[in-house]
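First comes the structure, then the notes that go with it.
Hydrogens, waters and symmetry mates play no part in the numbers below; they use all other heavy atoms, side chains included.
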Amino acid sequence: MKVFSISYLALIGSIVLVLIAGDVFTFLIAWEAMTLLCYLLVNTDYESNESRRASFLMLAMSEAATLAVVLAFLILANAAGSFNFFNIRIAASHLSAGFRWAVFLFSFWGFAVKVGLVPFNSWLPRAHPVAPANISAILSGVILNLGVYGILRVNLDLLPVQSIGPGLIVLITGAVSALVGILYATIENDLKKLLAHSSIENMGIVIAGIGAGFVFLASGKPALASIALIAALYHMINHSVYKSLLFLGAGTVDTNAGSRDLDRLGGLLKRMPWTGLFVLIGALSISAMPPFNGFVSEWLTLQSLLRSVELTSPGVKIAFVAAGAGLAL
């Protein structure tokens, strides 16, 4: 318990350090510490083979992703002659189109692993069932968001996207992730695995909104870009709240009922009225039922996608329509 508590507090510290880092070294050190601490906390039940395999898969995928992020930062730092974010931000504007694409691809796909986007989502439904409920809440409510932060920090702050191509990649990846995540969730009987697939779906919605913002920004539509990004970040915050609530509820159910199999659980509302009430609130929110917060952010995201009518390229409009249809489904 002492080791768990120390690791838990250290994880919170590493998360804060990632957000306040002002240079590449500090960011990567904090990012690596966060990754290793997540591995230790997910592997709390280290005597279980399932726990060891799931946590190692998460660690291996995270380390491979970190290498991609390091390459993106090295390109930026080489152009700036400095590892300081302020200097990188100033010098990055002079990068050629080829280096811009390299930075985007390395950073997006590197951080996409932490977000749990398709096709790098396999660690999420394996890690959540073996992790303690409070760690699952942090994984979905905080750690996934750090991947979104990394994408935005590089591609909106240090080296803002200037062409439509990167935005379309982000948009389509998000829409596919949302669709795949919810399809897997609908056939899952394990409560925590279902919530893990739901996290993939919700982060896909967030990323789709960010992709739309990137496209609008590159198309000279700053107002529409702002609306899309606000909708995406609002949904990210909403997801953090109700998914943390649902994972804590799932942990309570698992502890009291001794099972997470939805086919074997029933009548819990009478035995656990308070847990049932709060899980119901979380379920209605995540289902985007009005007037709960999930409805507002998902509706705003869909509305921002519909504003693609103001774009000129037919191909881009078709991509937006396909993404919007996927999210609506």
Side-chain angles (χ1 to χ4, degrees), residues 115-116 121 124-125 128-129 131 133-145 148 174-175 177-209 228 230-257 259-306 324-329:
V115 181
N121 58 313
L124 262 177
H128 277 298
N134 58 336
I135 301 304
S136 289
I138 286 189
L139 279 177
S140 271
V142 181
I143 301 301
L144 301 188
N145 296 348
V148 176
S177 298
L179 186 58
V180 170
I182 203 61
L183 287 176
Y184 273 99
T186 56
I187 61 173
E188 185 57 65
N189 293 326
D190 186 297
L191 180 55
K192 290 187 75 174
K193 284 187 178 181
L194 182 151
L195 294 176
H197 287 301
S198 172
S199 291
I200 297 168
E201 180 245 349
N202 278 271
M203 297 314 291
I205 294 173
V206 172
I207 293 300
I230 289 171
L233 294 177
Y234 183 36
H235 189 70
M236 183 183 75
I237 294 171
N238 288 340
H239 175 255
S240 296
V241 175
Y242 54 63
K243 186 53 65 65
S244 297
L245 174 64
L246 287 171
F247 267 118
L248 293 176
T252 304
V253 169
D254 191 15
T255 300
N256 286 273
S259 174
R260 298 191 304 267
D261 189 345
L262 294 175
D263 291 337
R264 301 182 60 187
L265 295 173
L268 291 180
L269 190 60
K270 294 181 180 179
R271 295 177 54 189
M272 306 169 64
W274 286 107
T275 300
L277 173 63
F278 288 113
V279 168
L280 177 62
I281 292 172
L284 290 173
S285 299
I286 204 170
S287 302
M289 297 293 292
F292 294 95
N293 56 353
F295 166 75
V296 179
S297 53
E298 287 199 34
W299 178 249
L300 286 174
T301 302
L302 285 171
Q303 286 292 310
S304 65
L305 294 181
L306 292 176
L327 294 186
L329 179 63

Worksheet entry | Test item: Val296 and Leu300 side chains (from C-beta on) under 4.5 Å apart, heavy atoms | yes
Worksheet item: Between Ala232 and Thr301, which heavy-atom pair has the shortest distance, and what is it?
Response: N-OG1, 4.3 Å
Fill in: Shortest non-hydrogen separation from Gly209 to Ala228 and the atoms involved
O-CB, 3.6 Å
Item to complete: Kindly indicate, with the supporting measurements, whether the criterion side chain to side chain contact (heavy atoms under 4.5 Å, CB included) is fulfilled by Asn293 and Tyr234.
Response: CA-CA 9 Å; Asn293 56 353; Tyr234 183 36; 4.3 Å; yes
Worksheet, complete the sentence: Rounded to the nearest 0.5 angstrom, the CD1-CE distance for Ile281 and Met289 is 14.0 Å
Response to the item:
Between the CG atom in Asn189 and the CZ atom in Arg260, the distance rounded to the nearest 0.5 Å is 12.0 Å
Worksheet item: To the nearest 0.5 Å, what is the distance between CD1 (Ile205) and OG (Ser297)?
Response: 8.0 Å
Item to complete: Mind listing the closest non-hydrogen atom pair of Ile286 and Glu298 along with its distance?
Response: O-OE2, 4.1 Å
Worksheet entry | Exercise: identify the closest heavy-atom pair between Glu188 and Leu194 | CG-N, 3.5 Å
Practice prompt. Over all heavy atoms of both residues, which pair between Ala175 and Ala208 is shortest? Give the atoms and the distance, please.
Written response: N-CB, 4.0 Å
Worksheet item: Do Leu124 and Leu144 touch side chain to side chain, with heavy atoms closer than 4.5 Å?
Response: yes
Worksheet entry | Contacts of His235 that satisfy ring pair (Phe, Tyr, Trp, His ring centres under 6.0 Å) - sequence neighbours left out | none
Fill in: Atom pair NE2 (His197) and CG (Leu183), whose distance is rounded to the nearest 0.5 Å
10.5 Å
Worksheet entry | Sub-4.5 Å side-chain heavy-atom contact between His128 and Ser140 | yes
Run the side-chain donor-acceptor check on residues 241-252: report pairs under 3.5 Å with partners two or more places apart or on a different chain.
| residue | atom | partner | partner atom | Å |
| --- | --- | --- | --- | --- |
| Tyr242 | OH | Asn202 | OD1 | 2.9 |
| Lys243 | NZ | Leu195 | O | 3.2 |
| Lys243 | NZ | Ser198 | OG | 3.2 |
| Lys243 | NZ | Ser199 | OG | 3.0 |
| Lys243 | NZ | His239 | NE2 | 3.2 |
| Ser244 | OG | Ala137 | O | 3.4 |
| Ser244 | OG | Ser240 | O | 2.6 |
| Thr252 | OG1 | Leu248 | O | 2.9 |

Response to the item:
Sorted by chain and number, sequence neighbours left out, side-chain contact (heavy atoms from CB on, under 4.5 Å) with Gln303 holds for Trp299, Leu306
Item to complete: Carefully, step by step, assess Leu327 and Leu302 under the rule side chain to side chain contact (heavy atoms under 4.5 Å, CB included).
Response: CA-CA 8 Å; Leu327 294 186; Leu302 285 171; 3.9 Å; yes
Worksheet item: Quick check: are there more than 12 heavy atoms from other residues, nucleotides or ligands sitting under 6.0 Å from OH of Tyr184?
Response: no
Item to complete: Nearest 0.5 Å please: distance from the CD1 atom of Ile200 over to the CG atom of Leu179.
Response: 12.5 Å
